[in-house]
Amino acid sequence: MRFKADEIASVIQTEIETYESQIDVREVGRVLEVGDGIARVYGLSGVMAGEMVEFPGGVAGTAFNLEENSVGIIILGDYLKINEGDEVRSTGQLLSVPVGDAVIGRVVDGLGNPIDGKGPIVTSERRPVETIAPGVSERQPVREPLQTGIKAIDAMTPIGRGQRELIIGDRKTGKTAIALDAIINQKNTGVKCFYVAVGQQDAKIAGVIEALRKHGAMDYTTVIVAGASAPAPVQYVAPYAGTAMAEYFLWKGEHALVVYDDLSKQAQAYRQLSLLMRRPPGREAYPGDVFYCHSRLLERACKLSDKLGGGSITSLPIIETLEGEVSAYIPTNVISITDGQIYLQPDLFFAGQRPAMNVGISVSRVGGAAQIKAMKKVAGGLRLDLAAFRELEAFAQLGTDLDAATQAKLDRGYRMQELLKQGQYAPMDVIDEVLSIYAGTRGHLDKLARTDVAAWEKGFLTFMRDQKPEIRKKIVDTQDVELDKTTNRNPELEAAIAEYQAQFAALKAKG
């Protein structure tokens, strides 16, 4: 076999031209001590705050404390695999998670790794877990409604796309139930949902996933799991990871809803990390920057300006109170960051009023701007009326004789209470909500027995769909209810309700 000199020369020439010197230069340090999810490392003098580092066995960590002689690292994995003296390498990268359509419908851990047994998440796109929230000039006011399907919320504390509405209450008062109903109600609206479970029991999280799957909500939902058994660093990072996944859709001009269940547990995980890192404790032993921990997370929820695509992230943070203590440190922090709160009261919950919303304390700082015209007209004074009813109810319990007007207000209040009761996993169409609340606020239920209110409402909504579709279609098309200026009523609806009242009475007489 003979070699041609010119061929060999050309191959060598090509190799020389395409040769690139790639020396892998990395900073390497040594583990001084490790335990409880953190490590102290000596030798990483050039590492940056928030930079990812790599331990042996592929365990990742993030630089948390930059000190004079060592670096405090939070370990995002099994810290039991790491030993004193192990080598630590800096990576030059920030912590990031996979994003895009591939994560929709999946169950992932706090770092974006799939845990649902459906194989790897195939996407080339990643986003940093921590990013700076859009500035004032990049936003627009919240005007577009995000319907939760829960009458009490859509009527009295409406939520808009881009809003942050806190759900707060003691344990076992239905906080998660409200968030799940809001997710289920986003079906066919194009809103992508992200449910971040922090510090929850694995059994409860499994129940949530099953409920979402059963109601077809997993088709547009991602569940980020950092359960009670997850290390504190993962519980701390998970809400930021969920927000990063939602931001992918925000910047594409789409809409997302993020539920943080719950931020009390994230604050406790952050307190644990900070105390282990010897950061000075403040009130209730939380570090001084625990407010910033939540504010930089929730400020990422916004409605972008039309110039930037008009996308939005709506966030529903959940906070658990102890014995109704709304003035504790973390609850007051998050109340001051969010645009309103839905306060769930244990007394109402155990009395069968569900959702157990206390209308006196609950508020939406966006208000009527996040309601359709029909709902704004129909439910205008409902919140104040119900708050007044609660005071009257307390007064009536003293056993004093009441005049006819006061008794009439009480009777209507009781009927409205019954009307606002709603079972779990049964979100309503906003037009049905408008029709129900119109009937209640205009006094059409005042003569009914309280036990008949639910049956009357169910029958009335069926009657409107089947026998009066033209009236319903008109409200659907215009998103408005035309009210007479003198009577504040709609003649068509009044006639339809009168017709249904006769049908309901006949049905009742038959037994």
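The figures that follow rest on heavy atoms only: side chains count, while hydrogens, waters and symmetry mates do not.
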> Testing the 3.5 Å rule here: is there a donor-acceptor pair between the side chains of Asn69 and Tyr42?
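Tyr42 and Asn69 do not have a side-chain donor-acceptor pair below 3.5 Å.
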
> Kindly determine whether Ile75 and Ile38 satisfy side chain to side chain contact (heavy atoms under 4.5 Å, CB included), including the steps that lead there.
CA-CA 5 Å; Ile75 302 162; Ile38 68 152; 5.6 Å; no

> Would the distance check show the side chain of Gln422 and the main-chain N or O of Ala426 forming a donor-acceptor pair, the cut-off being under 3.5 Å?
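Present.
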
> Does Ser90 reach the main-chain N or O of Gly92 with its side chain, forming a donor-acceptor pair under 3.5 Å?
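No; zero donor-acceptor contacts below 3.5 Å.
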
> So which heavy atom on Glu433 is nearest to which on Met375, and how close?
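Closest approach of Glu433 to Met375: OE1-CE, 3.5 Å.
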
> Salt bridge or not between Arg139 and Glu299? Use side-chain N to carboxylate O under 4.0 Å.
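So Arg139 pairs with Glu299 through a salt bridge.
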
> Any salt bridge between Arg89 and Glu87, counting N to O under 4.0 Å?
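A salt bridge is present here (some side-chain N lies under 4.0 Å from a carboxylate O).
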
> Looking at every heavy atom in both Val47 and Ala63, which two are closest together, and how far apart are they?
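The pair with the smallest heavy-atom distance is CG2-CB, 4.2 Å.
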
> In Å, rounded to the nearest 0.5 Å, how long is the span from CD1 of Ile335 to OH of Tyr343?
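That separation rounds to 9.5 Å.
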
> What are the two closest non-hydrogen atoms of Ala49 and Leu66, and how far apart are they?
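Answer, listing the atom of Ala49 first, then Leu66: N-CD1, 3.7 Å.
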
> How about Phe55 and Val31: do any of their side-chain heavy atoms sit closer than 4.5 Å?
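Sidechains of Val31 and Phe55: in contact.
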
> Would you say the side-chain atoms of Thr148 pair up with the backbone N or O of Ile150, donor to acceptor, closer than 3.5 Å?
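Judged by distance alone, yes, a pair lies under 3.5 Å.
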
> Side chains of Leu386 and Met156: does their closest heavy-atom pair fall under 4.5 Å?
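Of all side-chain heavy-atom pairs linking Met156 with Leu386, at least one is under 4.5 Å.
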
> List the steps and the verdict of side chain to side chain contact (heavy atoms under 4.5 Å, CB included) for Asn65 and Val71.
CA-CA 6 Å; Asn65 261 26; Val71 178; over 6 Å; no

> Any ion pair linking Glu33 and Arg40 (charged N to carboxylate O, less than 4.0 Å)?
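A salt bridge links Arg40 with Glu33.
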
> Check whether any side-chain heavy atom of Leu44 lies under 4.5 Å from a side-chain heavy atom of Val53, and answer yes or no.
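Yes. Closest side-chain heavy atoms under 4.5 Å.
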
> For residues Ala217 and Ile183, report the shortest heavy-atom separation together with the two atoms involved.
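So the two residues come closest at CB-CG2, 4.2 Å.
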
> For a quick test of reading the model, state the closest non-hydrogen atom pair linking Thr314 to Arg161 and the distance between them.
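It is OG1-CA, 3.3 Å.
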
> Is it true that the side chains of Arg126 and Ser96 contain a donor and an acceptor less than 3.5 Å apart?
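Side chains of Arg126 and Ser96: pair found under 3.5 Å.
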
> Would you mind listing every salt bridge (Lys or Arg N to Asp or Glu O under 4.0 Å) that reaches into residues 322-347, with sequence neighbours excluded?
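Qualifying pairs, neighbours excluded: Arg164-Asp339.
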
> Taking the side chain as every heavy atom from C-beta outward, state whether Trp251 and Pro134 have any atom pair closer than 4.5 Å.
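Yes. Closest side-chain heavy atoms under 4.5 Å.
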
> Answer with yes or no whether the side chains of Glu51 and Thr62 bring together a donor and an acceptor at under 3.5 Å.
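The answer is no; no qualifying pair exists.
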
> To the nearest 0.5 Å, how far apart are OG in Ser264 and CG in Leu322?
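That separation rounds to 8.0 Å.
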
> Is there side-chain contact between Lys175 and Asp261, with heavy atoms separated by less than 4.5 Å?
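Sidechains of Asp261 and Lys175: no contact.
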
> Would you compute the distance between atom CG of Asp101 and atom CD1 of Ile121 and round it to the nearest 0.5 angstrom?
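That separation rounds to 12.0 Å.
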
> What distance do Leu250 atom CG and His255 atom NE2 have between them, rounded to the nearest 0.5 Å?
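Here the rounded value is 9.5 Å.
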
> For atom CZ of Arg278, decide whether the heavy atoms of other residues, nucleotides or ligands shown that lie under 6.0 angstrom number more than 12.
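12 or below, so no.
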
> Any side-chain heavy-atom pair from Val258 and Leu316 closer than 4.5 angstrom?
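Counting from C-beta outward, Val258 and Leu316 never come under 4.5 Å.
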
> Can you check whether Phe249 reaches Ile104 side chain to side chain, under 4.5 Å on heavy atoms?
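Yes - at least one pair of side-chain heavy atoms lies under 4.5 Å apart.
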
> Does Asn358 reach the main-chain N or O of Gln345 with its side chain, forming a donor-acceptor pair under 3.5 Å?
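Flag not set: sc Asn358 to bb Gln345 has no pair under 3.5 Å.
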
> Ignoring hydrogens and geometry, is there a side-chain-to-backbone donor-acceptor pair from Gln235 to Ala230 under 3.5 Å?
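Checking the backbone N and O of Ala230 against the side chain of Gln235, a donor-acceptor pair under 3.5 Å is found.
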
> Between Tyr220 and Thr189, is any side-chain donor less than 3.5 angstrom from a side-chain acceptor?
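Note: Tyr220 and Thr189 side chains miss the donor-acceptor criterion.
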
> Please test Ile168 against Ile318 for side chain to side chain contact (heavy atoms under 4.5 Å, CB included), starting from the C-alpha separation and ending with a verdict.
CA-CA 6 Å; Ile168 183 168; Ile318 294 176; over 6 Å; no

> For Gln266 and His294, test the side chains for any donor-to-acceptor distance below 3.5 angstrom and give the result as yes or no.
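Side chains of Gln266 and His294: pair found under 3.5 Å.
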
> I'd like a table of donor-acceptor pairs (distance under 3.5 Å, sequence neighbours excluded) in which one partner is a side-chain atom from residues 285-293, with atom names and distances.
residue, atom, partner, partner atom, Å
Asp289, OD1, Tyr270, OH, 2.9
Asp289, OD2, Tyr270, OH, 2.6

> Quick check: does any side chain N or O of Asp116 sit under 3.5 Å from a backbone N or O of Val107, one acting as donor and the other as acceptor?
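Indeed, once roles are kept as given, a pair shorter than 3.5 Å links the two residues.
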
> For Arg271, is there an ion pair with Glu284 - N to carboxylate O distance below 4.0 angstrom?
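Here Glu284 does not pair with Arg271 in a salt bridge, since their nearest N and O are not under 4.0 Å apart.
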
> Please tell me whether Thr321 and Asp170 have a donor and an acceptor in their side chains that are separated by less than 3.5 angstrom.
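Side chains of Thr321 and Asp170: pair found under 3.5 Å.
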
> Could you please spell out the steps behind the salt bridge (Lys or Arg N to Asp or Glu O under 4.0 Å) verdict for Glu165 and Arg365?
CA-CA 9 Å; Glu165 182 82 1; Arg365 298 197 181 101; over 6 Å; no

> Is there a donor in the side chain of Gln371 and an acceptor in the side chain of Asp154, or the other way round, less than 3.5 Å apart?
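Their side chains do not contain a donor-acceptor pair, so the 3.5 Å distance test is not met.
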
> Between Gln186 and Thr221, do the side chains contain an N or O donor and an N or O acceptor separated by less than 3.5 Å?
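Their side chains do not contain a donor-acceptor pair, so the 3.5 Å distance test is not met.
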
> So does Ile184 get a backbone contact from the side chain of Asp181, meaning a donor-acceptor N/O pair under 3.5 Å?
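The answer is no, because no donor-acceptor pair under 3.5 Å joins these two groups.
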
> Counting only N and O atoms by type, is there a donor-acceptor contact under 3.5 Å from the side chain of Glu27 to the main-chain atoms of Gly46?
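Judged by distance alone, yes, a pair lies under 3.5 Å.
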
> Side chains of Lys204 and Thr176: any donor to acceptor distance under 3.5 Å?
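Yes, Lys204 and Thr176 have a side-chain donor paired with an acceptor closer than 3.5 Å.
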
> Using the side chain to side chain contact (heavy atoms under 4.5 Å, CB included) rule, take Leu297 and Leu263 through it: C-alpha gap first, then chi angles, then the decisive distance, then the call.
CA-CA 10 Å; Leu297 170 70; Leu263 290 187; 3.9 Å; yes

> Between Arg296 and Glu130, is there a side-chain N and carboxylate O pair less than 4.0 Å apart?
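Yes, Arg296 and Glu130 are salt-bridged.
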
> With a cut-off of 6.0 Å (strictly less than), are more than 12 heavy atoms of other residues, nucleotides or ligands near NZ of Lys373?
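For Lys373, atom NZ is not crowded (no more than 12 foreign heavy atoms under 6.0 Å).
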
> If you look at every heavy atom in Val334 and Leu298, which pair is closest and at what distance?
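Looking at all heavy atoms of both residues, the closest pair is CG1-CD1, 4.0 Å.
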
> For Lys187, what residues pass the salt bridge (Lys or Arg N to Asp or Glu O under 4.0 Å) criterion, not counting sequence neighbours?
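Counting only residues at least two positions away or on another chain, Lys187 forms no salt bridge (Lys or Arg N to Asp or Glu O under 4.0 Å).
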
> Show your working on side-chain hydrogen bond (donor to acceptor under 3.5 Å, both in side chains) between Gln163 and Ser364 and close with a plain yes or no.
CA-CA 9 Å; Gln163 190 176 345; Ser364 167; 3.1 Å; yes

> Does Ser362 use its side chain to pair, donor to acceptor, with the backbone of Val359 at less than 3.5 Å?
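Not at all, since once roles are kept as given, no pair shorter than 3.5 Å links the two residues.
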
> Within this structure, what is the CG-CD1 distance for the pair Leu95 and Ile74, rounded to the nearest 0.5 Å?
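Output value for this atom pair is 8.5 Å.
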
> Working to the nearest 0.5 Å, report the span between CD1 of Ile313 and OH of Tyr248.
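Answer for the CD1-OH pair, Ile313 versus Tyr248, is 13.5 Å.
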
> Are side-chain heavy atoms of Val11 and Ile8 found at a separation under 4.5 Å?
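They are not in side-chain contact.
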
> For the backbone of Leu304 and the side chain of Gln140, can you confirm whether one donor and one acceptor N or O come within less than 3.5 Å of each other?
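It does hold such a pair.
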
